[in-house]
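Have a look at the structure below, then the notes.
None of these values were measured; they are calculated from a predicted model.
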Amino acid sequence: MPGTSPLRAWWAQRPPAAGAAVMATGIVSLGLHLTGYEVLSLIALALGCVAWLALAVDFVTGMRRDPARWRAGARTPGALTAVAATTVLGTRVSVLGRHTLAAALLALAAALWPVLLFLVGRNLRPRMSGAVFLICVATEGLAVLGATLAAAATTAWLAHTALVLFWLGLALYLLALTRFDARQVLRGAGDHWVLAGALAISALAGAKLITAESPALYLWNEDDRDVLHTATVCLLVLDLACYVVLVIAEVVRPRPRYDVRRWSTVFPMGMTAAAALSASAAVGTPWLRGLGQALLWVTVAAWLAVAAGAVVAARAGIRAAGRA
């Protein structure tokens, strides 16, 4: 459009999947908090909040300025990063003690979730990229934030709702698995890692549901706890197995070039670290904490590498937009 600045022209080309940058930054913040690096965690949280606000403004203005393009984007799995990013930030905000703000973010995510899930679900097809697993990630994100707030506010109905979303998320994972193109493990541009990320956030949801129990809030009987414990452990084991397979695939078929979908690589790495750290206490397995700490620093390194690539790509994109 004539008169549009290069920055705005470049920003207008941003795909819906760019919301994964907020997801990645938010989970790094949560992981740093869980390992005691509070200052670094707050810096990451601030970066995530700024990015979330920018994307939220773009989301709202896009509906008004270009509804056809907005509807087209809302039908792609990447649109569900709006829900997932909101729940990840909400979880970190709740841990910070800002429960009212976290509840508002949960309400916003819960309002967006059925609309976007319906639009995306209508367009599922065979041989999709790893972004298809966002139907699970967005649902489990609601379960994680709901369980976190339920524990903080001793609200039983919220915990029970989170439990329903936890099981629904697992069903959606199986649905996504039937639509996923397994060749993406060797060919994907980054979002193939959501195959593992969806398992990781499901394991985190299980851990949060287990720890939501308290003397002031009776939630689960012995059978419920056993099932949650077993499910959480199985999900974490599957996640770690997928993590190893994906790392091997990256070594066998290196893909070093920057792609915005690489944020969808950082997020599963960080979510695996957070799941291990949280499950360590929830299922009584102390050695998982050491594993989670090691995986967190791998994630931080990956975040820095992808962020550097994003800056270089943004500069090139803005220059190209200025010449157009």
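- Note that OG1 of Thr91 and CG of Leu106 are 8.5 Å apart. Values are rounded to the nearest 0.5 Å.
- Under a 3.5 Å cut-off, the side chain of Thr81 and the backbone N or O of Gly78 do form a donor-acceptor pair.
- Under the side-chain hydrogen bond (donor to acceptor under 3.5 Å, both in side chains) criterion, Trp220 pairs with no residue, sequence neighbours left out.
- Side-chain contact between Leu117 and Leu172 is present, with at least one heavy-atom pair separated by less than 4.5 Å.
- In plain terms, the two heavy atoms of Thr139 and Ile135 that are nearest each other are OG1-O, 2.8 Å.
- Within the model, atoms CG of Leu40 and CG of Leu45 stand 12.5 Å from one another, a figure rounded to the nearest 0.5 Å.
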Run the ring pair (Phe, Tyr, Trp, His ring centres under 6.0 Å) check on Phe267 and Trp193 step by step: do they pass?
CA-CA 8 Å; Phe267 170 73; Trp193 274 78; over 10 Å; no
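- Sequence neighbours left out, the pairs with a member in residues 197-215 that pass salt bridge (charged side-chain N to carboxylate O under 4.0 Å, His left out) are Glu213-Arg225.
- Checked by atom type and distance alone, the side chain of His192 pairs as donor or acceptor with a backbone atom of Gly190 at under 3.5 Å.
- Every residue meeting the side-chain hydrogen bond (donor to acceptor under 3.5 Å, both in side chains) condition with Thr86, not counting sequence neighbours, appears here in chain and number order: Trp52.
- Other residues sharing a hydrophobic cluster with Val311 under the 4.5 Å side-chain heavy-atom criterion for ILVMFWY residues do not exist; the residue is a singleton.
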How far apart are the C-alpha atoms of Val137 and Leu80, what are their side-chain angles, what is the distance that settles it, and do they pass the side-chain contact (heavy atoms from CB on, under 4.5 Å) test?
CA-CA 8 Å; Val137 171; Leu80 284 165; over 6 Å; no
Distance-only donor-acceptor hits, side chain of residues 143-159, under 3.5 Å, sequence neighbours excluded:
residue : atom : partner : partner atom : Å
Thr148  : OG1  : Val144  : O            : 2.7
Thr155  : OG1  : Ala153  : O            : 3.2

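- Applying the side chain to side chain donor-acceptor pair (under 3.5 Å) test to every pair with at least one member in residues 283-311, sequence neighbours left out, gives these pairs: Thr25-Trp303.
- In this structure, CG on Leu134 lies 9.0 Å from OG1 on Thr76, to the nearest 0.5 angstrom.
- Sorted by first and then second residue, the salt bridge (charged side-chain N to carboxylate O under 4.0 Å, His left out) pairs with a member in residues 73-94 read Glu38-Arg92; sequence neighbours excluded.
- Looking at Thr230, its side chain does come within 3.5 Å of a backbone N or O of Asp226 through a donor-acceptor pair.
- To the nearest 0.5 Å, atoms CG (Leu34) and CD1 (Ile27) are separated by 8.0 Å.
- Remark: side-chain polar atoms of Asn221 are paired, donor with acceptor, to backbone N or O of Asp224 under 3.5 angstrom.
- Here the closest heavy-atom approach between residue Met128 and residue Gln184 is recorded as O-CG, 4.1 Å.
- Listed here is the closest heavy atom pair of Ser280 and Leu288: CB-CB, 3.8 Å.
- The shortest distance between side-chain heavy atoms of Leu30 and Ser41 does not fall below 4.5 Å.
- The CG atom of Leu105 sits 9.5 Å away from atom OG1 of Thr87, with the distance rounded to the nearest 0.5 Å.
- Residues Ala282 and Ile210 approach most closely at O-CG2, 3.6 Å, considering heavy atoms.
- Looking at Thr35, its side chain does come within 3.5 Å of a backbone N or O of Leu32 through a donor-acceptor pair.
- Taking a 6.0 Å sphere around OH of Tyr258, one finds it holds more than 12 heavy atoms contributed by other residues, nucleotides or ligands.
- Clustering ILVMFWY residues whenever any of their side-chain heavy atoms sit less than 4.5 angstrom apart, transitively, puts Val194 in the very cluster that holds Leu124.
- Within the 4.5 Å cutoff, no side-chain heavy atoms of Leu236 are placed close to those of Thr232.
- Although no hydrogens or angles enter the test, the distance criterion places a donor-acceptor pair under 3.5 Å between the side chain of Arg255 and the main chain of Arg253.
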Can you check side-chain contact (heavy atoms from CB on, under 4.5 Å) on Leu170 and Cys136, steps first, answer last?
CA-CA 7 Å; Leu170 295 183; Cys136 168; 5.6 Å; no
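- A chain of hydrophobic side-chain contacts below 4.5 Å, direct or via other Ile, Leu, Val, Met, Phe, Trp or Tyr residues, connects Val227 to Leu165.
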Pair Met271, Leu204 - check side-chain contact (heavy atoms from CB on, under 4.5 Å), show working.
CA-CA 8 Å; Met271 186 56 73; Leu204 179 60; 3.5 Å; yes
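- Among residues two or more places apart in sequence or in another chain, the side-chain hydrogen bond (donor to acceptor under 3.5 Å, both in side chains) test is passed with Ser264 by none.
- By the ring-ring contact (aromatic ring centres under 6.0 Å, His included) test, Trp167 is found to be paired with no residue, residues two or more places apart in sequence or in another chain being considered.
- Here the CG-CG distance, from Asp239 to Leu195, works out to 9.0 Å after rounding to the nearest 0.5 Å.
- A 4.5 Å side-chain heavy-atom check between Leu295 and Val300 finds every atom pair outside the cut-off.
- Contacts of Arg179 classified as salt bridge (Lys or Arg N to Asp or Glu O under 4.0 Å), with partners at least two apart in sequence or in another chain: none.
- The two residues Ala44 and Ser29 have their closest heavy-atom pair at CB-CB, 3.8 Å.
- Across all non-hydrogen atoms, the minimal contact from His33 to Val95 is NE2-CG1, 2.9 Å.
- Applying the side chain to side chain donor-acceptor pair (under 3.5 Å) definition to pairs two or more places apart or across chains, those involving residues 124-133 are Ser129-Asp191.
- Sorted by first and then second residue, the ring-ring contact (aromatic ring centres under 6.0 Å, His included) pairs with a member in residues 80-104 form an empty list; sequence neighbours excluded.
- One hydrophobic cluster, built from ILVMFWY side chains closer than 4.5 Å, holds both Leu304 and Trp263.
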With side-chain contact (heavy atoms from CB on, under 4.5 Å) as the criterion, how do Leu238 and Tyr243 come out once you've worked through the C-alpha distance, each side chain's angles and the decisive distance to 0.1 Å?
CA-CA 9 Å; Leu238 288 171; Tyr243 192 111; over 6 Å; no
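- Following chains of ILVMFWY side-chain contacts shorter than 4.5 Å, one cannot reach Ile248 starting from Val185, and the two form parts of different hydrophobic clusters.
- Annotation: side chain of Phe133 is in contact with side chain of Leu177 (closest heavy-atom distance under 4.5 Å).
- Under a hydrophobic-cluster definition in which Ile, Leu, Val, Met, Phe, Trp and Tyr are linked whenever side-chain heavy atoms come within less than 4.5 Å, directly or via other members, Val237 and Leu228 are assigned to the same cluster.
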